[in-house]
Amino acid sequence: MGIAENLARVRERIDAVCSRAARNRDTVRLVAVSKGQSIEAILVAFAAGQTVFGENYAQELHEKADALPEAEWHFIGTLQTNKARIVVGHAALVHTCDRVALAKELSKRAEAKNLIQRVLLEVNIAREPQKGGALPEEVDALCAAVREMEWLRCEGLMCIPPPGQDPRPHFRALRDMRDRLGLRELSMGMSADFEVAVEEGSTIVRVGTAIFGERPPRK
Ligand SMILES: Cc1ncc(COP(=O)(O)O)c(C=O)c1O
């Protein structure tokens, strides 16, 4: 199947789960994860009406956002502090702000560009040792710190549950945290689990392979 057909199928599945879960369809946004995909593939999705794309690498985000500025670009990858300057101004939303030092750098770069950078806080919801994200007990302090930063707007939380486990309890835990903090957005759900994520309240699903097929190997 082609990209346009895959996209239509993913949209239908989101529509169906929204009806089942009695959720307004407008409360769920689809980010097409285009890391490793060519501009040609992205243009096919864009022509089929997909306007929001997610990238995991700062330089790749920069290049693609310059090539297709009409789209909305999100940064969803692990972000090194020294790459924050590349991302600010190119990403409408950064999903992976996970520590105060990174937030400070994003804020500094946003101020230099005279823009408000929208961010989500990434949470290492299952406390996996190798994974990015703030630990659950660090999130309150991180959120408080980011809320003090004039050039950042903290909109919600993001997580990537551990592979091979039932994601539902992790999605629930993230939702509870989001509610407690009084935030709006919940970025959760990928190709394998976006329907469960929508059932559990996700407002942003990040779907790659179900739209574009397997990613080409990284050069
Ligand atoms: C943070 C993040 N979200 C979502 C995705 C998309 O995953 P999938 O291709 O399984 O939909 C990726 C893929 O690399 C990712 O890194």
Side-chain angles (χ1 to χ4, degrees), residues 10-33 52 54 56 72 74-79 91-100 102-103 106 117-149 152-211:
V10 168
R11 287 196 188 118
E12 277 166 23
R13 288 169 61 189
I14 297 173
D15 292 349
V17 68
C18 282
S19 325
R20 267 200 324 270
R23 290 196 53 189
N24 180 339
R25 177 62 183 84
D26 297 342
T27 62
V28 183
R29 298 189 79 198
L30 171 61
V31 174
V33 175
V52 190
N56 293 57
E72 179 177 312
H74 289 194
F75 188 79
I76 63 168
T78 302
L79 187 53
L93 184 64
V94 174
H95 291 225
T96 47
C97 181
D98 64 355
R99 54 199 190 277
V100 173
L102 174 60
L106 287 166
Q117 179 64 57
R118 296 161 50 210
V119 300
L120 306 179
L121 309 180
E122 181 183 358
V123 183
N124 185 349
I125 198 72
R127 321 175 61 86
E128 291 173 273
Q130 309 300 329
K131 213 170 227 172
L135 291 171
E137 66 271 20
E138 295 169 343
V139 174
D140 285 18
L142 176 61
C143 185
V146 172
R147 279 176 157 155
E148 290 294 307
M149 295 182 196
L152 298 188
R153 192 165 78 209
C154 182
E155 299 195 338
L157 304 179
M158 177 271 208
C159 78
I160 310 169
Q165 279 187 27
D166 178 6
R168 196 180 295 275
H170 300 299
F171 291 152
R172 271 193 195 155
L174 196 73
R175 181 191 182 146
D176 287 347
M177 221 176 271
R178 189 262 331 241
D179 292 346
R180 193 166 44 72
L181 291 165
L183 295 166
R184 192 182 56 193
E185 304 291 349
L186 267 181
S187 167
M188 55 189 203
M190 316 200 293
S191 292
D193 56 17
F194 67 86
E195 285 148 316
V196 179
V198 171
E199 284 170 3
E200 296 302 332
S202 175
T203 63
I204 306 176
V205 292
R206 311 176 307 266
V207 178
T209 45
I211 296 172

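Hydrogens, waters and symmetry mates are skipped; everything else that's a heavy atom, side chains included, is used.
- In this structure, the separation between NE2 on His170 and CD1 on Ile125 is 8.0 Å, given to the nearest 0.5 Å.
- The distance from atom NE2 of His95 to atom CE of Met188, rounded to the nearest 0.5 Å, is 13.5 Å.
- Put simply, CG on Leu174 and CG on Asp179 are 9.5 Å apart, with the number rounded to the nearest 0.5 Å.
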(Q) Is there a side-chain contact (heavy atoms from CB on, under 4.5 Å) between Ile204 and Met158? Walk through the geometry before answering. (A) CA-CA 9 Å; Ile204 306 176; Met158 177 271 208; over 6 Å; no

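- Contact annotation: the side chain of Val205 never approaches that of Val10 to less than 4.5 Å [non-hydrogen atoms, C-beta and beyond].
- Looking only at side-chain heavy atoms (C-beta outward), Arg180 and Met177 come within less than 4.5 Å of each other.
- A salt bridge links Arg118 with Glu155; the closest basic N to acidic carboxylate O contact falls under 4.0 Å.
- The minimum heavy-atom distance linking Ser202 with Arg23 is given by the pair O-NH1, 2.8 Å.
- Annotation for Val207 and Ile211: closest pair O-CD1, 3.5 Å, computed over non-hydrogen atoms.
- When atom types are taken as modelled, the side chain of Arg184 and the backbone of Gly156 share no donor-acceptor pair closer than 3.5 angstrom.
- Interatomic distance, Thr203 OG1 to Glu185 CD, rounded to the nearest 0.5 Å: 3.5 Å.
- Between Arg127 and Glu137, some side-chain heavy-atom pair lies under the 4.5 Å cut-off.
- The number of heavy-atom neighbours closer than 6.0 Å to CD of Glu148, taken from other residues, nucleotides and ligands shown, is 12 or below.
- You'll find the side chain of Leu183 reaches within 4.5 Å of the side chain of Cys143, heavy atoms only.
- Between atom CG of residue Leu79 and atom CZ of residue Arg99 there is a gap of 6.5 Å, rounded to the nearest 0.5 Å.
- Ion pair Glu122/Lys131 not flagged as a salt bridge, since none of the NZ, NE, NH1 or NH2 atoms sits closer than 4.0 Å to an Asp/Glu carboxylate oxygen.
- Under the salt bridge (charged side-chain N to carboxylate O under 4.0 Å, His left out) criterion, Arg13 pairs with Glu195, not counting sequence neighbours.
- Closest of all the heavy-atom pairs between Ile76 and Thr96 is O-CG2, 3.3 Å.
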Q: Report the C-alpha separation of Leu30 and Val52 in whole Å, then their side-chain angles, then the decisive distance to 0.1 Å, and conclude whether the side-chain contact (heavy atoms from CB on, under 4.5 Å) test is met.
A: CA-CA 7 Å; Leu30 171 61; Val52 190; over 6 Å; no

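- Shown here for Cys154 and Val146, the closest heavy-atom pair between the two residues is CB-CG1, 3.8 Å.
- Rounded to the nearest 0.5 Å, atoms CG (Asp193) and CD (Gln165) are 12.0 Å apart.
- Leu152 and Ala103 make their closest contact through CD1-O, 3.4 Å (heavy atoms, listed as atom of the first residue, atom of the second, distance).
- Nearest heavy-atom pair across Ala91 and Gln117 is O-NE2, 3.0 Å.
- Arg25 places no side-chain N or O within 3.5 Å of a backbone atom of Cys18 that could act as its donor or acceptor partner.
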